[in-house]
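Reviewing the structure listed below.
Chain identifiers are assigned alphabetically (A, B, ...) following the order of the sequence lines, protein sequences preceding nucleic acid strands; residue numbering begins at 1 within each chain.
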Amino acid sequence: MIRRIHITGVVQGVGFRPFVYNLASRLNLTGFCMNDSDGVVIEVEGDSIDSFLSELKDCAPPLSRIEGLTVEELPGSIGAKGFSIRESDDAAGSFTLVSPDIATCDDCLGELLDPADRRHLYPFINCTSCGPRYSIVTGIPYDRPKTTMAGFRMCPECEAEYNDPRDRRFHAQPNACPRCGPGVWLSEGGTTEPSSDETDFGAIQRAQTLLREGAVVAVKGIGGFHLACDATNEEAVRRLRAGKRGSVRSRLAFSDKPFALMSPDLETIGAYAEASGPEREALLDRARPIVLLKKRLSGPIASAVAPMNKHYGVMLPYTPVHHLLFHTGGFTALVMTSGNLADEPIVTSNSEAVKRLSGIADFFLLHDRGIHMRVDDSILRVDSGKRRLLRRARGFTPGVIPLGEEGPDVLAFGPYLKNTFCITRGAYAIPGPHIGDLDDIGTEEFFCETLGNLKSTFRAEPVAVAHDLHPGYPSTRLALEYAKRHAIPDERVYAVQHHHAHVAGCMAEHGLHGSVIGVAFDGAGLGTDNTIWGGEFLVADRSGFERAAHLSHMPMPGGDMAALEPWRMALGCIWRAYGDAASEVIERFFARVDEKKRTLVGKMLRSRVNTPLTSSAGRLFDAVSSILGLKDANGYEGEAAMALEYTAAAAAERIEPYPYALVAEHGITRIETGTVIKGVVAEMARGMDRSRISARFHQTMADIIVTVSSGLSERTGIKDVVLTGGVFQNTLLVWMVTEGLRREGLKAWQNEQVPANDGGVALGQAVVARELMKGSTDNKARGERA
Amino acid sequence: MTAVNEKRILLGHGSGGTLMRSLIEELFLEEFKNPLLEPLGDQAVLNPIDGRIAFTTDSYVVDPLFFPGGDIGKLAVCGTVNDLAVGGALPLYLSAGFIIEEGLPVEALKRVVRSMAECARSAGVKVVTGDTKVVERGKGDKLFINTAGVGVLDDSVSLSPASIEPGNVVIISGTVGDHGIAIMTHREGIEMEVPVKSDCAPLHLLVKGMLAVAHGGVRAMRDATRGGVATVLNEFAGASGTAIVMDEGLVPVREEVRGACEILGFDPLYIANEGKLVAVVSKDAADEVLKAMRANPLGVDAAVVGEVAKGPAGKLLLKTSIGNTRILDMLAGEQLPRIC
């Protein structure tokens, strides 16, 4: 009897077939295995089939993930002797899961530093357990000809490893050695050709010297370039910061956005940042994300790395080039910030790097292994022991989120800022990598090339399109253009409300069905009433929602300018809270703002010219941050709110919240926050410590969330509360809220596999669209329920 | 009792009776005076026109009626004259329809009509027919004016956005955003240090000068009114299937307009103008056209602001001062905040 076993999941490019080969050989089974377009197929016969099947599941290689396993019994006999690995079989219409890029494994690292090894100090060492994957794949099935390694012909030794199922490099597609593989060299810019004198480790050593002397070096990595400098060299860091420039949107020449750091090991990191157990584990994760770590009070890191911030974003080396930069380099930390100019996508090719980054980088550490898919570093933080993604990209993309049920291929175009898209295919959602803010044509191109790539990798043919309700988002335009180009009918184009998408995405991550209380607190999203929402309580399921409660509306004088300049929000909130008495308060606390500007904004508030209303929680945090004199301008997103969070004193006892009122109106509860503003202002006037005011404000927001959620729970019987949106990246608030909900017997759910910020919106859009497609073919009714 | 002695417009001024008659004779006829209007017939009978005829209409509902640099009357003439002019036509005749809200001070109407007449005279067009209606208080907003215009088009003139090609250059006739910001700041009582004046002006002579030296090199022109320069160029890019690449640093913007936009949170590229045109010109004609424009008082600040590229088709791109390239979309409606 032959058993035909079909396995789906992450089973290609992760050493799965050699594992099967070795297992079958050991158990004396005959037959073969091979990759096909949606996984691995095995045909075996022999006595120990049962042990084979159980070990298959239990001992699978570390990078693999089995999503499905079916066993069929076929008549007859294989007739072969022994067990073999056959060529890939590519069947149309099916797909398999590609592995993300994986950090250099310990085995390879050992060889890299072993003088006796033939890959000693070779910057492209890898095996089936590590190395580039997603970023070099040009097509499926995953085989060397369909990677950017296609142009490198393996030498006999590499080829022998590649063909030997017992070898760690069996079918390691990027397999290479100094004789046959890619090389690295240092360029002073101007040319991208390798120079003969400074190649390989010599080039890296030269880069070390330059970095030590204070140079900025552009370093080609896995998913793009980094701009590197010695993080302990204040002048070098300042030069890099000046070179990166600000963003068009913030209208600031440069921002204080923190730079990421890379250090050789955990011990060295300990010199300047605190890392808890779970944070150390996160740093060591195969994805090697940037992990936010608390700064130590004094340390060797230049102050320009993360000014005014309580955290450093830190990562460990994840490519052999990185390891070699630190090997004998003696650096405590290197700044490793994305190689791009403000608002542009990360640079990937040598020529692009020299062209775009010449104004910033003094030297270029280049190599000739192509980057097919650009992918930024991922960022996460550990909050109460749990990992929270802030940016999902390298090491995670193109990982999938199981949706638990089959469904149509849907393409969601995501939001405007921190954009990602999301494809669904079969029973999976495939969130695209972090694309960035859709302000630049290059970022749109990045969006389109990545979308094209993931679509073909997963062989997705979307039959429906989802986009944000906001007609002015570039992603909405891209969605409508796509639908038109692909003849997707109007009834298959879904405009999904921003906060509903936030909630639905979190539901999908946790497999929640039915209704939840969705608390979506963020900066801005267009509501169904054409005002800007952002402090929302939705009673929601995957297909629709009822806006049950929201923060009271505050005026935004100057529209988006009020998001960039929190002092405007502060004036707006004060104006609304105090009415005629506002000018006095404004004069007292905002003397620092140019009088003319202050007067004009006052007039805008009265005349309501370009002064839309918003129920945004993010803007409320901004306003309070500015009233406290912490931050009047957001140089990067969330800067003012973060300053407010960092200011809050650790409160030993429970603080009484500021007064607020719940006002029922047309079946919707409005949470009146004018009194909160008044409370903040009054305590400022009394000279109360800002750390205390900030803590009390946080407690107030937490109290609102807990009180309103439990009220809604009583009304609806729902016990699941989804906390989502960028505001829930505030760890202090999250801690207060989850404690409160726990006391009330409610279950809090938060994003884990996608960010709580707008990076998680696309997943939710896709999920809502899939749910609505289930309903009927002609019913477009969706979104808000009366 | 004559109509113009009343202090305010009454419903009777639109009733067809003697009040109305005296309004027409003592105000409209007096100000617009010309032989074609004088018969006060139900229609104006025009003399034969030699050439292709351009015909357009537009309605004016601006609030406030009077603003720095102009008023609704001047706007009603300039707007329609410019619609003719940017098609390459020489404006000849206008009609004028007035919808007046009961209670409008007669003095205000007089000022508007005088301003219209003056502007028409300076633009060389005649107001040859008209209409007056008075609506009940609250059914209108002080005064609305509709004008239609007839102009004549030289045979050699052929302007069409579809003829725009990669390599053409984009010229703006002067500073952008003046009109919209003047209206907004004046209406809302937002006083700027240097008050912004509307650029409201008839552009037909400017256009005439351009066409005279362009030798067919002008591909398309439009006055950048509602939606501003960005909207016009988006339409050009869409109609021609090209990309228009504009350089932020080259776009003329008055310092006071820039300042007002900064405070108000607007982008001057989307703000209305009433005396500015955008032209797409072939590369060889650009220098001559620009020279001719700068020789006209209404074009002294004219500047090349960008050029036409092959793709991405249908898109307007802006090279920003910090060196990246943004896509400038058409506004989907009012500008709603997007930043989270």
Side-chain angles (χ1 to χ4, degrees), chain A residues 245-249 251 253 341-344 359 415-418 438-442 444 470-474 476-477 498 522-526 530 532 534 556-564 568 596-597 599-601 603-604 606-612 614 616 618 634 637 726 757-758, chain B residues 63-64 180-181 183-194 230 234 238 243-246 248-249 256 258-267 269-271 309 311-340:
Chain A
R245 295 184 284 196
S247 78
V248 192
R249 194 156 22 80
R251 302 181 197 199
L341 297 179
D343 296 340
E344 290 181 357
Y416 162 44
L417 301 178
K418 287 185 296 299
L438 295 176
D439 275 322
D440 186 86
I441 179 100
E444 268 192 32
H470 200 307
Y473 280 2
T476 300
R477 166 174 48 77
H498 190 83
D522 69 353
L526 183 63
N530 236 26
I532 300 302
M556 301 178 78
D560 275 338
M561 283 303 286
L564 300 173
R568 292 176 185 249
K596 215 170 67 221
K597 278 187 167 182
T599 315
L600 288 173
V601 164
K603 286 190 172 170
M604 289 171 73
R606 267 184 289 277
S607 67
R608 302 179 73 168
V609 57
N610 200 24
T611 300
T614 183
S616 160
N634 272 326
E637 210 186 301
N757 60 43
D758 278 7
Chain B
D63 172 41
I181 291 299
I183 295 289
M184 216 164 331
T185 49
H186 186 67
R187 180 175 57 210
E188 311 298 348
I190 294 169
E191 291 132 38
M192 305 300 296
E193 209 156 86
V194 183
N234 254 301
I244 293 181
V245 187
M246 190 160 46
E248 193 175 30
E256 56 268 32
R258 198 183 294 285
C261 281
E262 176 87 21
I263 273 287
L264 294 170
F266 288 121
D267 183 342
L269 294 172
Y270 288 94
I271 301 286
K315 295 278 186 285
L316 170 61
L317 307 180
L318 182 74
K319 285 190 181 160
T320 69
S321 49
I322 72 160
N324 66 338
T325 305
R326 282 169 60 200
I327 292 185
L328 293 186
D329 279 320
M330 289 272 233
L331 286 187
E334 55 179 323
Q335 257 178 299
L336 292 165
R338 305 185 302 171
I339 298 181
C340 54

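A:Arg606 does not touch chain B: none of its heavy atoms, backbone or side chain, sits under 4.5 Å away. Using a 4.5 Å cut-off between heavy atoms, A:Asn530 touches chain B through backbone and side chain atoms alike. Both the backbone and the side chain of A:Ile441 have a heavy atom closer than 4.5 Å to some heavy atom of chain B. Contact annotation for B:Ile190: both backbone and side-chain heavy atoms come within less than 4.5 Å of a heavy atom of chain A.
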Evaluate B:Ile181 against B:Leu264 for side-chain contact (heavy atoms from CB on, under 4.5 Å), listing each step before the verdict. CA-CA 9 Å; B:Ile181 291 299; B:Leu264 294 170; 4.1 Å; yes

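Atom NZ of A:Lys603 sits in a crowded spot, with more than 12 heavy atoms from other residues, nucleotides or ligands closer than 6.0 Å. A 6.0 Å sphere centred on CZ of A:Arg608 holds no more than 12 heavy atoms belonging to other residues, nucleotides or ligands.
Between chain B and the options A:Lys597, A:Arg568, A:Lys596, heavy-atom pairs under 4.5 Å are most frequent for A:Arg568. The candidate with the highest count of non-hydrogen atom pairs below 4.5 Å against chain A, out of B:Arg187, B:Met184, B:Lys315, is B:Lys315. Between chain B and the residues A:Pro557, A:Pro415, A:Gly472, the largest count of heavy-atom pairs under 4.5 Å involves A:Gly472.
B:Glu248 has no carboxylate O lying under 4.0 Å from a charged side-chain N of B:Arg326, or vice versa, which leaves the two without a salt bridge.
Between A:Tyr416 and A:Tyr473, the ring-plane angle classifies as tilted under the 30° and 60° cut-offs.
Partners of A:Glu344 under the side-chain hydrogen bond (donor to acceptor under 3.5 Å, both in side chains) rule, at least two apart in sequence or in another chain, are A:Arg356.
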